[in-house]
2 protein chains.
Amino acid sequence: MEIVYDQHEKHFVALDCIIFGFDQQELQLLLIKRGFEPEQGNWSLMGGFLKRDESIDEGAERILETLTGLTSVYMEQLYAYGEVRRDPVARTLSIAYYALIRTDQYNKDLADSHNARWFPVSQRPDLIFDHNDMVEKALARLRRRARTQPIGFELLPEKFTIPQLRSLYEAINNQPLDHRNFSKRLNSMEWLVKLNEKDKGSSRKGAFYYQFDQDLYQKLVQEGSSFDLK
Amino acid sequence: MEIVYDQHEKHFVALDCIIFGFDQQELQLLLIKRGFEPEQGNWSLMGGFLKRDESIDEGAERILETLTGLTSVYMEQLYAYGEVRRDPVARTLSIAYYALIRTDQYNKDLADSHNARWFPVSQRPDLIFDHNDMVEKALARLRRRARTQPIGFELLPEKFTIPQLRSLYEAINNQPLDHRNFSKRLNSMEWLVKLNEKDKGSSRKGAFYYQFDQDLYQKLVQEGSSFDLK
DNA sequence: GCAAAAGTGTTCACACTACACCCATGC
DNA sequence: GCATGGGTGTAGTGTGAACACTTTTGC
């Protein structure tokens, strides 16, 4: 059957992952040091080639798992990069995905074995090929998404405090937020579940833990309410 | 040099175009009737295969030009589709693009020769493969973009009236707009240039023509102002 | 003079912003 | 008792939504 397409050319298709994390201070990026030419020794995104028997989503998940050991992670397709000479070795398309992971849950040994390291996004090194473009686009996308969809929680532990969440949003948008207004907005969100437990890590008084109620959120969305968190 | 990638598989890469137009009444979609198997006789998006010596953007432009004769059209990459069996003939990725064209400017003979036809988006036929998904995603993207970027003008003639523009926005969002509020908002936009000329086509009184001042808009954006048109 | 669409102004309510004070606790 | 971060309340302002009337012109 494939014969009818045989007049057309085939292409290498890579998948590159922009992996974001949060260390309670700054937004972080997981990068790998290339162990092979070209660009050996330089930093790049984690990537790999698409296989015949996997969808592109599956391919991206496989690559993320190879580096971090994680599955069931928030991941979203970012953009397809297809300049003719973007890869100097051979014509290769790349479909970029970005992922949000919890920095305390990935497999450090795996990451080490790939020479991976976390960098604060604000101090990331120059990357190979068009990977800098990818990171910038991912950042822009993350900023927009964090505003309109409840994805920030993917970067925090299950239980988090409001100051932690605020700190995350400050890191994502790289600007300070008024803590009273932020709390006020959050407290008006029905899907935010207050727990009877405090985090004493960052203050004497302690801050209450909260959880995101995914099910309730879904229900509220279906009823027409929407997420908007500046 | 290509040898280092030879262990990896190559893939067919298609480009599919969601082509939007506006007939002053409804948002339209340019579709083609398949002249070959599989799915012969069914409706689909205009598509084609990526060539070795063109970028994916160039490929999408080529395919649009093949059908419409148009170049320099507003086009944006939408999404990459890569389910393993999305194309029953052979494993083929598709990168979808959407385009906004002026329905009075395309080459009708070319379109006819491809068995193309305009459909109101609300009455579009069922499409082959995953093309329905593509159209839905394109519609969602168009709605969002039209709000935050001045791309609606791409669907109107150079000179347009405020009622025309409103009608376009009503068509895009499929909901009526208050004409006083719409005018008020528009009139507060500096980049809207009022001409000394009226369109008498749709009323006795006639409506003034306007133009979009691209240069001024760019300048205003750089000064930090932003576009927001509900 | 009347029908049909274009154009303009006002009011109201809500949401966002800015801003200041009290609370709980460990040392 | 004091320093540190957590938590709450209020007043002012600007933006968006609702809504009604006048204008122009061809017939």
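Here is how names work: the chains are called A, B, and so on, in the same order as the sequence lines, proteins then strands, and each is numbered from 1.
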For this session: Mind checking salt bridge (Lys or Arg N to Asp or Glu O under 4.0 Å) for R147(B) and listing every partner two or more places apart, or none if nothing turns up?
Result: none
For this session: Tell me which nucleotide among dT8(C), dT25(D), dC19(C) gets nearest to the side chain of N187(B).
Result: dT8(C)
Seminar exercise, completed: When rounded to whole Å, the CZ to P distance for the pair R204(A) and dG7(D) reads 16 Å
Exercise. Which residue pairs satisfy the salt bridge (Lys or Arg N to Asp or Glu O under 4.0 Å) criterion with at least one member in residues 197-208 of chain A, sequence neighbours excluded?
Worked result: K159(A)-E197(A)
Exercise. F22(A): what forms a ring pair (Phe, Tyr, Trp, His ring centres under 6.0 Å) with it, not counting sequence neighbours?
Worked result: none
Exercise. Quick one: L229(B) CG to dA17(D) C1', roughly how many Å, whole number?
Worked result: 15 Å
For this session: Sequence neighbours left out, what passes ring pair (Phe, Tyr, Trp, His ring centres under 6.0 Å) with Y210(A)? Give chain and number order.
Result: none
For this session: Find the distance D178(B):CG to dG16(D):P and express it as a whole number of Å.
Result: 14 Å
Return a table of donor-acceptor pairs under 3.5 angstrom between the side chains of residues 167-177 of chain A and protein atoms on other chains or two or more places apart.
unit_1	atom_1	unit_2	atom_2	d
S167(A)	OG	Q24(A)	O	3.4
Y169(A)	OH	A146(A)	O	2.7
E170(A)	OE2	R166(A)	NH1	3.4
E170(A)	OE2	L177(A)	N	2.8
N173(A)	ND2	Y169(A)	O	3.4

Seminar exercise, completed: note: K194(A), atom NZ; dG6(D), atom P; distance rounded to Å ~ 13 Å
Exercise. Could you give the CE-to-P distance, from M189(A) to dA15(C), as a whole number of Å?
Worked result: 12 Å
Exercise. Short question: side chain of E61(A), backbone of E58(A) - any donor-acceptor pair under 3.5 Å?
Worked result: no
Exercise. Got a sec, which pairs hit salt bridge (Lys or Arg N to Asp or Glu O under 4.0 Å) with one end in residues 107-131 of chain B, sequence neighbours left out?
Worked result: R86(B)-D130(B)
For this session: Specify the separation, in whole Å, of atom CZ of F182(A) and atom C1' of dT17(C).
Result: 16 Å
For this session: Check whether any side-chain nitrogen or oxygen of S202(B) sits under 4.0 Å from OP1 or OP2 of dA4(C), and answer yes or no.
Result: no
Seminar exercise, completed: Note: for K200(A) and H179(A) on DNA chain C, the residue whose nearest nucleotide lies more 5' is H179(A)
Seminar exercise, completed: Between K198(B) and D228(B), the residue closer to the 5' end of DNA chain D by nearest nucleotide is D228(B)
Problem set entry | Side-chain donor/acceptor of R180(A) to base of dA18(C), under 3.5 Å | no
Exercise. Considering only side-chain heavy atoms of R185(A), which listed nucleotide, dT8(D), dT17(C), dT8(C), is closest?
Worked result: dT17(C)
Problem set entry | Gap separating the CG atom of L156(B) from the CZ atom of F212(B), nearest 0.5 angstrom | 12.0 Å
Exercise. Sequence neighbours excluded, which residues qualify as salt bridge (Lys or Arg N to Asp or Glu O under 4.0 Å) partners of R180(A)?
Worked result: D178(A)
Seminar exercise, completed: Note: contacts of residues 205-212 of chain A with DNA chain D (heavy atom, under 4.0 Å) are K205(A), G206(A), A207(A), F208(A)
Seminar exercise, completed: K230(A) NZ to dT17(C) C1', in whole Å, measures 10 Å
For this session: For K184(A), check salt bridge (Lys or Arg N to Asp or Glu O under 4.0 Å) against everything at least two apart and list the hits.
Result: none
For this session: Figure out the CG/P separation between D199(B) and dA5(C), and round it to whole Å.
Result: 13 Å
Identify the pairs formed between an N or O of the protein and an N or O of nucleotides 10-14 of chain C at a distance under 3.5 Å, and give each distance.
unit_1	atom_1	unit_2	atom_2	d
dT10(C)	O4	K184(B)	NZ	3.0

Exercise. For atom CD of Q218(A), is the number of surrounding heavy atoms from other residues, nucleotides or ligands below 6.0 Å larger than 12?
Worked result: yes
Problem set entry | Sub-4.0 Å heavy-atom contacts from residues 155-177 of chain A onto DNA chain D, ordered by number | P163(A)
For this session: Enumerate the residue pairs fulfilling side chain to side chain donor-acceptor pair (under 3.5 Å) with a member in residues 63-75 of chain A, sequence neighbours excluded, ordered by first and then second residue.
Result: Y74(A)-E76(A)
